Amino acid sequence: MSPVSAVEIAGLRVVRGGTAVIDGLDLTIGAGVTGLLGPSGCGKSTLLRSIAGVQRVAAGTVTVLGEPAGSAALRDRVGYQTQSSSVYDDLAVLENLRFFARVLGLPPAAAEAALASVDLTGQGGVVVGRLSGGQRSRVGLAVALLGSPALLVLDEPTVGLDPVLRRDLWALFHRVADTGTAVLVSSHVMDEAERCDTLLLMREGRIIADGAPGEIKAAQGVADIESAFLALVEGRGIA
Amino acid sequence: MTPRVTLAIAVRVLTQLRRDHRTLAMLLLVPCLLQALLWWIFWDQPLVFDRIGPALLAIFPFFVMFLVTSITTLRERSGGTLERLFTMPMGRLDFLVGYALAFGAIAAVQAALAAGVAVGLLDLDLRGPDVLLVLVGVVDAVLGTALGLFVSAFARTEFQAVQFLPAIVVPQILLCGLIVPRDRLPRVLERIADVMPLTWAVDAMEHLATTARTGAVWRDLGIVVAFAVAALALGAATLRRRTE
């Protein structure tokens, strides 16, 4: 496959409940682990849903792996996880994975492989509702990993997890990215910025910075991403 | 629609039910117990039970499947699993038909059990073929499932979803001939009853109870199937890959 960008967005406009959440957004996302960081309510989920092809879009184009977002050709090439894990609480871990594997047309062995990649091999028979929040989130992640998608879209997968688990998950994202999958992860925790290859800072429906974490800090002459975010916001005169 | 995906959804819904012993027991045993309760209430008036019993065989599958489906579908919508499925190679019909297949299968067992109890233990008089009785029960349940899928689109919480029961199901129970035979209803109500699907399911059961001839049963069954297909089409219209 040619090294086209994973996601190309031009003039995206999304209206929710009568107000434009995103208005005229242009963005290109490439390989590696890309972090989408911004405060709650800034439009991160809306942007990710647009890329996953489940968001109603008012204007603009979203191209994923060379195809329009949400088109039939992408249905087994994009792994997506919503904020709420999106798994069945009343099914066992493996039952969840086998079900989604069947929907994707994958053999049952794919379910075991996905389970192993999130370190839950011993938990296959446990009903998801009995798992801790972190384990549940990892089941959701395993579903998104089924069939080694070319693009992984994860909405706040590390929120509320303990630091050890967060570190392990970011290591997993990088392992997945090393196999050639483009990984897009959102978070509202600024200290996760350093773990990304590329960083997108988002505020009020706009991308206010796009680059490697080091570049963004250097451009603002600050030591950490939180300060860079503040400098960018104040520099642009947005209240 | 892809048979592999449709079947995967049906099997998954049945697996969820299998894990939920309490719900499964309620689905299968409560109709039998309610039949027995009615038989007891009318123990010295067997003619009344003979009139009401068949109607109940039509009401249970519809009522129960409507409730179960509207809640489970709402959970799929609010829990993000429906959204996840829509990013996968799943069509709207896979989802609808998968649910209809799963609950149709449960309804077949439910109808067979309820009819077995009514006829075998409670001496309900049935003249028509047993197979047809189960078939009416299944089609009736699919109708309930389809309507439940449809209304789940208009509820935001499980609390709201339950409120659709008195709004959509209870009027049909009141008008289907259970309380007052339809031909003794006020003219306007009789006309309204004529356009309600449950009326025809109950009518089918009543024919099965009173005559061995099956012509009218097949006609009623056809009407219920038409309603079920229409409800599935409405349900499909509310399932959107892209939402706001």
Side-chain angles (χ1 to χ4, degrees), chain A residues 14-19 21 45-46 48-58 62 64 69-92 94-96 98-106 127-129 140 143-144 146-147 149 151 153 155, chain B residues 1-24 26-27 68 71-99 101-102 153 156-158 237-244:
Chain A
V14 179
V15 179
R16 295 184 76 178
T19 43
V21 181
S45 292
T46 305
L48 296 186
R49 293 183 76 239
S50 305
I51 293 168
V54 291
Q55 175 67 53
R56 201 176 298 157
V57 165
V62 182
V64 176
S71 62
L74 293 173
R75 303 259 163 83
D76 49 4
R77 299 180 63 205
V78 177
Y80 170 55
Q81 186 185 351
T82 68
Q83 257 168 17
S84 57
S85 298
S86 311
V87 287
Y88 298 98
D89 280 342
D90 47 1
L91 287 182
L94 254 184
E95 285 170 345
N96 264 291
R98 287 203 181 116
F99 164 64
F100 286 109
R102 221 172 285 155
V103 171
L104 287 164
L106 300 168
V127 175
V128 171
V143 176
L146 280 169
L151 171 67
V153 179
D155 200 352
Chain B
M1 199 176 134
T2 324
R4 180 195 80 234
V5 179
T6 313
L7 211 62
I9 287 168
V11 170
R12 190 260 302 165
V13 172
L14 288 174
T15 313
Q16 283 177 297
L17 279 176
R18 204 192 63 213
R19 290 205 160 267
D20 186 353
H21 295 169
R22 211 169 294 173
T23 300
L24 200 57
M26 301 261 267
L27 281 175
V68 172
I71 300 280
T72 40
T73 323
L74 188 75
R75 273 165 49 186
E76 294 245 23
R77 288 179 200 269
S78 57
T81 44
L82 183 62
E83 185 160 299
R84 164 135 37 205
L85 283 169
F86 270 140
T87 66
M88 292 184 173
M90 180 198 77
R92 293 189 282 183
L93 275 180
D94 288 320
F95 187 80
L96 287 165
V97 176
Y99 262 90
L101 278 178
R156 272 163 206 268
T157 62
E158 296 183 7
T238 67
L239 283 179
R240 292 282 163 81
R241 201 174 283 278
R242 288 176 183 273
T243 53
E244 196 186 277

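Fair warning: this is a prediction, and the values are worked out from it, not measured in the lab. All chains are named by letter (A, B, ...) in the order of the sequence lines, taking the proteins before the strands, and each is independently numbered beginning at 1.
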TODO: Could you check if a side-chain atom of V11(B) sits within less than 4.5 angstrom of a side-chain atom of L14(B), using non-hydrogen atoms only?
DONE: no
TODO: Could you tell me which portion of A144(A) (side chain, backbone, both or neither) has an atom closer than 4.5 angstrom to a non-hydrogen atom of chain B?
DONE: both
Open item on the list: Within the 4.5 Å heavy-atom criterion, are L27(B) and L17(B) side-chain neighbours or not?
Closed with: yes
Task: Part of V127(A) within contact of chain B (heavy atom distance under 4.5 Å) - done: side chain
Task: Residue pair V5(B) / F95(B), side-chain heavy-atom distance below 4.5 Å - done: no
Taking 3.5 Å as the threshold, show me the donor-acceptor pairs across chain B and chain A, one per line with distances to 0.1 Å.
unit_1	atom_1	unit_2	atom_2	d
R4(B)	NE	R102(A)	O	2.7
R4(B)	NH2	V103(A)	O	2.6
R12(B)	NH2	Y88(A)	OH	3.1
Q16(B)	NE2	D90(A)	OD1	2.8
Q16(B)	NE2	D90(A)	OD2	3.3
R19(B)	NE	E95(A)	OE1	2.7
R19(B)	NE	E95(A)	OE2	3.3
R19(B)	NH2	E95(A)	OE2	3.2
R75(B)	NH2	D90(A)	OD2	3.2
E76(B)	OE1	Y88(A)	OH	2.7
E76(B)	OE2	Y88(A)	OH	3.4
G79(B)	O	S84(A)	OG	3.1
G80(B)	O	S86(A)	OG	3.3
E83(B)	OE1	R49(A)	NE	3.3
E83(B)	OE1	R49(A)	NH2	2.9
E83(B)	OE2	R49(A)	NE	3.2
E83(B)	OE2	Y80(A)	OH	2.8
R84(B)	NE	S86(A)	O	3.2
R84(B)	NH1	Y80(A)	O	2.8
R84(B)	NH1	G140(A)	O	3.3
R84(B)	NH2	S85(A)	O	2.6
R84(B)	NH2	S86(A)	O	3.4
R84(B)	NH2	G140(A)	O	3.1
R242(B)	NH1	Q55(A)	O	2.7
R242(B)	NH2	A69(A)	O	2.9
T243(B)	N	V54(A)	O	2.9
T243(B)	O	Q55(A)	NE2	3.4
T243(B)	O	R56(A)	N	2.9
T243(B)	OG1	R49(A)	NH2	2.7
E244(B)	O	R16(A)	NE	2.7
E244(B)	O	R16(A)	NH2	3.4
E244(B)	O	Q55(A)	NE2	3.3
E244(B)	OE2	G17(A)	N	2.7

- [ ] Can you see which heavy atom on V103(A) is nearest to which on P89(B), and at what distance?
- [x] O-CG, 3.7 Å
Open item on the list: Just so I know, are the side chains of L82(B) and L239(B) near enough to count as touching, which here means a heavy-atom distance under 4.5 Å?
Closed with: yes
TODO: Using a cut-off of 6.0 Å, state whether more than 12 heavy atoms not belonging to M26(B) lie near its atom CE.
DONE: no
Task: Per-residue contact mode, L7(B) against chain A (heavy atom under 4.5 angstrom) - done: neither
Task: Where I9(B) and G98(B) come nearest, the two heavy atoms and their spacing - done: CG2-CA, 3.9 Å
- [ ] Among the options G53(A), A52(A), G70(A), G79(A), pick out the one with the most heavy-atom pairs lying under 4.5 Å from chain B.
- [x] G53(A)
